[in-house]
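Worksheet: one structure, shown below.
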Amino acid sequence: MCYLNYTMAQFKEVSQKSALHPKPVGLVLQYGTAGFRTNATQLDHVMFRMGLLATLRSKKTKATIGVMVTASHNPEEDNGVKLVDPMGEMVTPTWEGYATELANAEQDGLLAVLKDVIEREAINMAQEAYVFVGKDTRRSSEILSKALLDGVHSLGGQSKDYGLVTTPQLHYMVCCQNTQGRYGEATIKGYYQKLSNAFLQLTNNVPNRTDDQKVLLVDGANGIGALKLSEMVTYLKNGLQLSLFNDCSSGKLNHLCGADYVKVQQRAPKGVDMVAGERCCSYDGDADRIVYYYTDSAGRFHLLDGDKIATLISTYLKELLIQAGLDLQIAVVQTAYANGSSTHYLEDVMKVIVRCTKTGVKHLHHAAQEFDIGVYFEANGHGTVLFSKTAEEKIEQLAQHSNTNDEKKRAAHLLQNTVNLINQTVGDAISDMLLIEAVLAVKGMTVQHWDAIYTDLPNRQLKVKVADRRAIDTTDAERRTVSPAGLQEAIDLLVKKHRQARSFVRPSGTEDVVRVYAEADTQESADDLAHEVSLAVYRLAGGVGEEPKHL
């Protein structure tokens with residue numbers, strides 16, 4: 001069959017199958033930081049078309065592409081889709097644009113958009129395509145993943161359906177497949193074995209580690225992370241004693257539980273029975289975020305979010321690099337949401353490079369790749385650590401060198417196992433949890449010791465509904481507004497009224513709201529500042545509904 005006829009046959013199949021997944025007329029969606037995400041009833045056509053796009057991406061890259069059906073920390077009735085590139089990273093910005101074009105094409109214009117992408121990317125349609133698919137626990141995920149597979153198969157793509165997996169597990173599988181197994185085995189069992197072996201290697205020979213120090217309470221957000229952690233427990237042997245709450249046996253996904261709830265509400269999730277001083281952590285709905293917390297003897301709640309996690313991990317890694325005598329550049333990548341105290345500690349005390357980027361994991365991931373070791377965590381608990389090829393090679397050479405002295409060799413072996421414990425493709429709640437637990441064990445730290453590294457400035461996050469979020473334009477990694485006129489000046493004046501204060505605003509990537517962040521020396525001041533800035537946004541950026549009220 002000639003190339004032209006081959007593509008014509010494929011387009012005929014696409015046309016027939018797309019009629020089974022019609023687009024609601026006039027519906028407009030945007031591929032944002034976390035892909036498409038909205039009410040599940042509006043996503044059937046999007047899933048079919050993302051199956052098409054993933055197949056084209058696979059043909060273009062001559063590699064396996066991943067597609068995850070999930071809406072992460074969103075309510076149970078929502079769903080969404082994320083595309084995964086060959087090395088397990090998020091899909092490139094150009095293809096995000098194609099995703100938006102395909103999703104929004106009216107039914108009679110779909111083939112034209114599809115052909116345009118093929119021509120712009122000079123895709124050989126005779127090239128084989130392979131797509132890995134995974135889904136979370138939402139009721140809608142099953143039927144939506146079938147629509148996705150319809151799209152893959154209508155363009156002649158082959159697929160492997162992993163079924164119920166966490167988002168990070170799918171990213172991991174894609175990377176394993178495209179590195180021909182060098183990164184690991186592209187199976188769930190392979191994932192469990194690689195991480196658990198590294199964890200046990202790090203913790204087995206830690207002196208004076210008591211059973212009490214091995215106990216961890218985990219809030220699974222009634223999501224996929226809870227199911228997968230339950231499967232993994234046997235691989236961890238007795239290295240960690242987990243008490244799992246919100247484990248899908250009852251309760252709604254992300255409802256009054258999960259990492260996002262704990263971070264925003266700054267309180268323990270529903271159903272977690274905490275004793276003073278016990279370590280607890282919460283995943284989000286697709287297990288790519290994690291936050292830690294505990295209550296003290298006075299009943300006060302203490303949150304250890306992404307900033308605290310990044311600080312703990314980067315401190316541990318820098319100490320090991322010094323012990324190993326390795327000259328590798330380590331940096332921590334943050335966003336404007338990072339607490340000012342964490343930035344001060346990293347720069348002034350630890351003498352670590354700190355880089356600030358726009359919100360969105362893809363921006364942090366890209367910046368982290370510029371260093372030998374890049375630690376990145378958003379304040380919401382989404383993050384990981386990236387090691388350059390040079391860094392991994394130097395660590396391995398030192399560990400294997402026969403003339404290495406005992407201290408250097410020990411540090412090199414710890415670094416080696418740490419590399420193997422980390423899912424470098426994307427933030428991974430299971431991997432990050434095991435890394436944190438290993439670091440605490442190796443350093444002989446309690447959760448209270450960790451919390452005491454620095455004290456967070458009190459802060460508050462609020463949302464303001466606006467007619468059009470595009471009215472807000474920002475610069476300087478989203479820390480300052482360019483438009484509307486007068487808003488930044490108003491924020492600057494309000495900040496001056498409070499001590500150790502900082503505030504910024506940014507448009508949501510998915511809905512017509514403006515997100516407000518404020519921090520100051522006291523919680524009262526932070527709350528006042530957040531409210532004052534919210535009023536300025538409401539008045540200058542086209543607020544809708546009632547004026548924001550003080551908490």
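Under a cut-off of 6.0 angstrom, the local environment of NZ in K318 is crowded, with over 12 non-hydrogen atoms contributed by other residues, nucleotides or ligands. Open room surrounds NE2 on H366; 12 or fewer heavy atoms of other groups in view lie less than 6.0 Å from it.
A donor atom on one side chain and an acceptor atom on the other are not found under 3.5 Å apart for T425 and E89.
In this view, T210 and D212, Q213 satisfy the side chain to side chain contact (heavy atoms under 4.5 Å, CB included) rule, not counting sequence neighbours. In terms of the side chain to side chain donor-acceptor pair (under 3.5 Å) criterion, T315 has no residue partners (sequence neighbours excluded). Applying the side chain to side chain donor-acceptor pair (under 3.5 Å) test to Y283 and every residue at least two apart in sequence or in another chain returns nothing. With sequence neighbours left out, V46 forms a side chain to side chain contact (heavy atoms under 4.5 Å, CB included) with L29, F36, L43, M50, V81, A103. A search for side chain to side chain contact (heavy atoms under 4.5 Å, CB included) contacts involving D456 returns K308, N339, Y454, not counting sequence neighbours. H21 meets the side chain to side chain contact (heavy atoms under 4.5 Å, CB included) test with D44, F48, A147, D150; sequence neighbours excluded. Here Q369 pairs with nothing under the side chain to side chain donor-acceptor pair (under 3.5 Å) rule; sequence neighbours left out. Listed by chain and number, the residues in a side chain to side chain donor-acceptor pair (under 3.5 Å) with S431 amount to none (sequence neighbours excluded).
Counting heavy atoms from C-beta on, the side chains of Y130 and T55 never come closer than 4.5 Å. With a 4.5 Å cut-off on side-chain heavy atoms, L217 and C281 do not count as touching. A 4.5 Å side-chain heavy-atom check between E96 and T94 finds every atom pair outside the cut-off. Within the 4.5 Å cutoff, side-chain heavy atoms of P86 are placed close to those of I65. Using a 4.5 Å heavy-atom cutoff, the side chains of L56 and K60 are not in contact.
A donor-acceptor distance shorter than 3.5 angstrom exists from the side chain of E278 to the backbone of V275, with no hydrogens or angles considered. A donor-acceptor distance shorter than 3.5 angstrom exists from the side chain of R182 to the backbone of T179, with no hydrogens or angles considered. Side-chain atoms of S141 never come within 3.5 Å of backbone atoms of T137 as a donor-acceptor pair (strictly under, hydrogens ignored). Distance alone, capped at 3.5 Å, places no donor-acceptor pair between the S159 side chain and the D161 backbone. A donor-acceptor distance shorter than 3.5 angstrom exists from the side chain of N222 to the backbone of K252, with no hydrogens or angles considered.
Counting only residues at least two apart or in different chains, salt bridge (Lys or Arg N to Asp or Glu O under 4.0 Å) contacts with residues 69-79 are absent. Identified under the ring-ring contact (aromatic ring centres under 6.0 Å, His included) test for residues 163-192, with sequence neighbours left out: Y172-Y183, Y172-Y191, Y192-Y235. Residue pairs meeting the salt bridge (Lys or Arg N to Asp or Glu O under 4.0 Å) criterion with at least one member in residues 262-273, sequence neighbours excluded: K263-D305.
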Could you walk me through whether Y376 and H365 satisfy the ring pair (Phe, Tyr, Trp, His ring centres under 6.0 Å) test, starting with their C-alpha distance in whole Å, then the side-chain angles of each, then the deciding distance to 0.1 Å, before giving a yes or no? CA-CA 7 Å; Y376 75 82; H365 192 93; 5.5 Å; yes
Audit row: S282, Y293, side-chain hydrogen bond (donor to acceptor under 3.5 Å, both in side chains) steps and yes/no: CA-CA 8 Å; S282 285; Y293 46 95; 2.8 Å; yes
Stepwise, does the side-chain hydrogen bond (donor to acceptor under 3.5 Å, both in side chains) test hold for S342 with Q334? CA-CA 10 Å; S342 72; Q334 298 183 325; 3.2 Å; yes
Tabulate below the donor-acceptor pairs under 3.5 Å that side-chain atoms of residues 436-448 make, not counting sequence neighbours, or state none.
unit_1 : atom_1 : unit_2 : atom_2 : d
E437   : OE1    : R279   : NE     : 3.3
E437   : OE1    : R279   : NH2    : 2.7
E437   : OE2    : R279   : NE     : 3.2
E437   : OE2    : Y292   : OH     : 2.8
K443   : NZ     : E319   : OE1    : 2.7
K443   : NZ     : E319   : OE2    : 3.2
T446   : OG1    : Q448   : N      : 3.3
T446   : OG1    : Q448   : OE1    : 3.3
T446   : OG1    : H449   : N      : 3.0
T446   : OG1    : H449   : ND1    : 3.2

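In this structure, CG on L52 lies 15.5 Å from CZ on R57, to the nearest 0.5 angstrom. Atom CD of E231 sits about 9.0 Å away from atom CG of L164, to the nearest 0.5 Å.
Taking the charged nitrogens against the carboxylate oxygens, D512 and K465 have no contact shorter than 4.0 Å, which rules out a salt bridge.
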